[in-house]
Amino acid sequence: MVNRKIPVLYIRKEECCGCTACYAICSKEAISMVEDEEGFEYPQIDENKCVRCYQCINVCPIKGSKV
Ligand code: SF4
Ligand code: SF4
């Protein structure tokens, strides 16, 4: 639990379908959905608000099982 890193919600955009589940579950409001140049929204984590609880990773339908 010590020095856990900020979770990586996606590296490539294919790893995120923009479902906003991570955004919805974050109780710290550390995630915002940010539009890319094509108008698709992707989550962005505010490192200052994130408490590294990893709820967002666990809820993600694409990568939840990896953590
Ligand atoms: S790890 Fe927790 S606090 Fe950080 S962005 Fe994910 S849900 Fe929010
Ligand atoms: S839960 Fe996963 S797929 Fe859904 S918006 Fe967040 S990172 Fe993308």
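For ligands, and for the atoms within them, numbers begin at 1 and follow the listed sequence. Treat the numbers as computed from the prediction; the structure is a model and nothing was measured.
For atom 8 (Fe) of ligand 1, the nearest non-hydrogen atom of the protein is Cys26 SG, 2.3 Å. Among protein heavy atoms, atom 2 (Fe) of ligand 2 sits closest to Cys60 SG, 2.3 Å. Of the protein's heavy atoms, Val51 N, 3.3 Å lies nearest to atom 3 (S) of ligand 1. The closest protein non-hydrogen atom to atom 6 (Fe) of ligand 2 is Cys22 SG, 2.3 Å. Considering only non-hydrogen protein atoms, atom 4 (Fe) of ligand 2 sits nearest to Cys19 SG, 2.3 Å. When hydrogens are left out, the protein atom nearest atom 1 (S) of ligand 1 is Tyr54 N, 3.1 Å; that is the closest non-hydrogen contact.
Between Ile57 and Val8, the shortest heavy-atom distance links the atoms CD1-O, 3.4 Å. When all heavy atoms of Met33 and Thr20 are compared, the closest pair comes out as CE-CG2, 3.6 Å. Considering every non-hydrogen atom in both Arg52 and Glu47, the closest pair reads NH1-O, 3.6 Å. The heavy-atom pair separating Asp36 from Tyr42 by the smallest distance is OD2-CE1, 3.3 Å.
Using a 4.0 Å cut-off to heavy atoms of Cys50, the atoms of ligand 1 that qualify are 1 (S), 3 (S), 4 (Fe), 5 (S). Near Gly18, the atoms of ligand 2 lying under 4.0 angstrom from a non-hydrogen atom of the residue are 5 (S), 8 (Fe). Each of the following atoms of ligand 1 lies closer than 4.0 Å to a heavy atom of Pro7: 1 (S).
Among the atoms of Cys17, no N, O or S atom falls under 2.8 Å of atom 4 (Fe) of ligand 2. Look at Cys56 and atom 6 (Fe) of ligand 1: an N/O/S atom of the residue is under 2.8 Å from the metal. In summary, Cys53 places an N/O/S atom under 2.8 Å from atom 2 (Fe) of ligand 1, meeting the contact criterion.
At distances below 3.5 Å, not a single donor-acceptor pair connects side-chain atoms of Lys63 with backbone N or O atoms of Tyr10.
Contact annotation: the side chain of Pro43 never approaches that of Cys56 to less than 4.5 Å [non-hydrogen atoms, C-beta and beyond]. When side chains are defined from C-beta on, Arg4 counts as touching Tyr54, because their heavy atoms get closer than 4.5 Å.
Here the CG-CD distance, from Leu9 to Gln44, works out to 10.5 Å after rounding to the nearest 0.5 Å. In this structure, the separation between CD1 on Ile45 and SG on Cys50 is 5.5 Å, given to the nearest 0.5 Å. Distance check: Glu14 CD to Ile62 CD1 gives 10.0 Å after rounding to the nearest 0.5 Å.
Heavy atoms of Ile31 found under 4.0 angstrom from ligand 1 belong exclusively to the side chain. Of the heavy atoms in Thr20, only backbone atoms (N, CA, C, O) come closer than 4.0 Å to ligand 2. Only backbone heavy atoms of Arg52 (N, CA, C or O) come within less than 4.0 Å of ligand 1; its side chain stays farther off.
For the ligand labelled ligand 2, residue Lys63 lies inside the 4.0 Å heavy-atom shell.
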